[in-house]
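Atoms within a ligand are numbered from 1 in the order they appear, just like the ligands themselves.
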Amino acid sequence: MFDRRVLLKQASLFAPFWLAGRSAFAAPDPKTGLIVHTLVPHNAEPPLGSLVQSWITPNELFYVRSHAPVPKVDADTFRLSVEGIVERPFEISLAQLQSDFKRQAVVATMTCAGNRRSEHSLVKEVSGVPWGAGAIGNAEWAGVRLSDLLKRAGIKEGAKHVWFDGVDEVEHKGGMIPFGASIPLDKAMSDTESMPGALVCYEMNGQPLSPDHGFPIRTVVPGYIGARSVKWLGKIIVSDRPSTNHYVAGAYKLVTEGTEDELASSPPLDNFVINSVTCVPAAGSKVVTGKLEVSGYALATGLQGETIAKVELSTDGGKSWTKARFTSQAKPYCWRLWKADLEVHARTSEIIARAVDSTGGVQPETVVWNLKGYMFNAWHKTSVRVSP
Ligand code: MTE
């Protein structure tokens with residue numbers, strides 16, 4: 001087996017060279033069609049124009065966000081362990097997961113908390129993968145309800161959170177740690193008839209998960225940032241507190257200084273933020289005066305029951321707005337695609353998009369800067385060059 005430490009070291013050694021000049025506007029890789037931010041670990045996103053061709057994002061166009069190289073997992077010997085504050089801890093194989101529990105399929109959007117980070121950097125520099133607005137996708141996930149696994153284990157009194165540990169190895173402070181996450185037990189048990197609070201998933205759009213997306217199993221937590229949907233899931237631990245893993249305790253928090261005190265007092269990020277993005281035309285496109293069809297996506301907060309109710313576009317800096325028409329239904333935890341016909345004038349220089357959700361919540365004009373550039377959801381501005 002390859003030595004992951006060596007690979008990681010090499011990756012970080014060469015990263016600045018590889019990354020020189022790469023951005024969300026870089027040309028996609030001709031083989032995969034994705035814009036590659038880093039090869040190892042793999043971090044890549046689709047060009048926005050291809051992203052909104054369909055409501056369900058094809059697997060090959062789904063963004064990939066990994067903190068470490070893909071771990072090698074043998075599906076035959078692989079076991080998921082369920083432990084912690086439970087009556088009957090157990091281990092289970094992939095085959096048993098598929099045969100012993102009811103299969104549940106659900107369509108849900110996944111998005112990285114760092115989506116649109118490159119725009120955050122325009123306000124003031126932030127660190128992290130310089131994502132454009134393509135770190136988002138909508139897929140049909142299938143697997144087992146997390147609550148069914150927890151019921152088999154028997155949750156004991158005092159349990160409040162459910163931790164997820166991946167089997168990947170991320171370099172952290174000179175050592176190796178798994179990528180980890182946790183969600184409140186209430187969220188894990190908040191199933192409705194059609195929507196699980198969380199899923200232990202083995203299929204994506206009818207295919208077994210690919211190695212990049214977490215083969216053989218991952219969690220999918222509808223409405224929560226992608227960081228809580230742990231790929232290459234190895235352990236579920238029921239606890240009385242949130243996970244102590246770095247990616248819960250020390251990252252994915254809205255902080256400005258990043259001191260230990262500030263991190264300790266900031267809650268872990270969970271739900272999405274309201275967002276909308278114009279995907280076509282691409283930023284910097286040449287357009288002609290007259291009628292212009294634009295299209296994009298919008299996402300509600302991920303709180304139960306909230307959906308996108310309205311998307312509006314402006315070509316005059318926000319003085320007047322044109323309503324978009326929806327090309328997909330309002331579904332909880334899913335993005336909504338839209339199109340609009342705009343009138344472009346010689347003086348038009350940018351298209352602004354903003355969304356309104358079913359509770360009246362409006363996408364903000366600006367956001368408060370944070371150190372890691374998470375949750376960027378200011379009005380989306382697409383520059384255009386107009387010719388008569
Ligand atoms: N799980 C593990 N084990 N390791 C990771 O690096 N990245 C997380 C999450 N789960 C990650 C992980 C983050 S930050 C995101 S946004 C999603 O996976 C991305 O999932 P995808 O690559 O399938 O799109």
Side-chain angles (χ1 to χ4, degrees), residues 4 8 11 32 34-46 51 57-73 78 80 108-117 128-129 131-141 143 163-172 176-183 198-205 207-236 243 245-248 250-253 268-273 299 302 335 372-376:
R4 263 183 236 126
L8 261 179
T32 62
L34 297 179
I35 298 160
V36 178
H37 293 292
T38 59
L39 278 174
V40 183
H42 195 192
N43 286 295
E45 64 183 301
L51 182 61
T57 312
N59 290 356
E60 61 278 10
L61 276 182
F62 209 96
Y63 80 98
V64 180
R65 199 309 176 228
S66 297
H67 291 74
V70 172
K72 278 209 168 119
V73 183
F78 167 82
L80 167 70
T109 291
M110 185 163 317
T111 186
C112 185
N115 193 35
R116 301 184 62 192
R117 178 180 283 136
V129 178
W131 295 108
I136 185 168
N138 192 51
E140 186 192 68
W141 311 96
W163 303 11
F164 311 128
D165 277 359
V167 300
D168 49 346
E169 295 179 9
V170 194
E171 205 173 46
H172 179 65
M176 298 307 236
I177 59 164
F179 183 90
S182 64
I183 60 170
L199 203 64
V200 172
C201 161
Y202 44 74
E203 273 173 30
M204 181 177 179
N205 293 331
Q207 302 290 321
L209 289 173
S210 69
D212 261 344
H213 292 294
F215 178 83
I217 53 170
R218 73 176 303 166
T219 53
V220 169
V221 186
Y224 273 32
I225 58 166
R228 309 308 176 213
S229 292
V230 172
K231 305 193 277 192
W232 315 297
L233 181 68
K235 255 187 209 166
I236 294 173
S243 170
N245 184 278
H246 168 68
Y247 294 99
V248 178
Y252 294 103
K253 293 188 172 205
L269 294 173
D270 46 30
N271 288 112
F272 309 147
V273 283
L299 185 69
W335 69 4
K372 298 301 294 290
Y374 294 134
M375 314 303 251
F376 191 85

Write 'none' if nothing qualifies; otherwise put on separate lines each N/O atom of ligand 1 with a protein N/O atom under 3.5 Å away and their distance to 0.1 Å.
{"from": "ligand 1", "atom 1": "1 (N)", "to": "Lys231", "atom 2": "N", "distance (Å)": "2.8"}
{"from": "ligand 1", "atom 1": "3 (N)", "to": "Asp168", "atom 2": "OD1", "distance (Å)": "3.1"}
{"from": "ligand 1", "atom 1": "3 (N)", "to": "Asp168", "atom 2": "OD2", "distance (Å)": "3.0"}
{"from": "ligand 1", "atom 1": "3 (N)", "to": "Lys231", "atom 2": "O", "distance (Å)": "2.9"}
{"from": "ligand 1", "atom 1": "4 (N)", "to": "Asp168", "atom 2": "OD2", "distance (Å)": "2.7"}
{"from": "ligand 1", "atom 1": "6 (O)", "to": "His67", "atom 2": "N", "distance (Å)": "2.8"}
{"from": "ligand 1", "atom 1": "6 (O)", "to": "His67", "atom 2": "ND1", "distance (Å)": "2.8"}
{"from": "ligand 1", "atom 1": "7 (N)", "to": "Arg65", "atom 2": "O", "distance (Å)": "3.2"}
{"from": "ligand 1", "atom 1": "10 (N)", "to": "Ser229", "atom 2": "O", "distance (Å)": "2.9"}
{"from": "ligand 1", "atom 1": "18 (O)", "to": "Arg218", "atom 2": "NH2", "distance (Å)": "3.4"}
{"from": "ligand 1", "atom 1": "20 (O)", "to": "Arg218", "atom 2": "NH2", "distance (Å)": "3.1"}
{"from": "ligand 1", "atom 1": "22 (O)", "to": "Arg65", "atom 2": "N", "distance (Å)": "2.9"}
{"from": "ligand 1", "atom 1": "22 (O)", "to": "Lys231", "atom 2": "NZ", "distance (Å)": "2.6"}
{"from": "ligand 1", "atom 1": "23 (O)", "to": "His213", "atom 2": "ND1", "distance (Å)": "2.6"}
{"from": "ligand 1", "atom 1": "23 (O)", "to": "Arg218", "atom 2": "NH1", "distance (Å)": "2.7"}
{"from": "ligand 1", "atom 1": "24 (O)", "to": "Tyr63", "atom 2": "O", "distance (Å)": "2.7"}

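Between Trp131 and Tyr63, the ring-plane angle classifies as perpendicular under the 30° and 60° cut-offs.
Side-chain N/O atoms of Thr57 and Asn138 include no donor and acceptor closer than 3.5 Å.
Partners of Phe215 according to the side-chain contact (heavy atoms from CB on, under 4.5 Å) rule, which considers only residues two or more places apart in sequence or in another chain, are Ala75, Leu209. In this structure, Tyr374 has no side-chain hydrogen bond (donor to acceptor under 3.5 Å, both in side chains) partners at least two apart in sequence or on a different chain.
Aromatic ring centres of Tyr247 and His67 lie closer together than 6.0 Å.
Each side-chain hydrogen bond (donor to acceptor under 3.5 Å, both in side chains) pair with one or both residues in residues 207-230, not counting sequence neighbours, appears once here: His42-Asp212.
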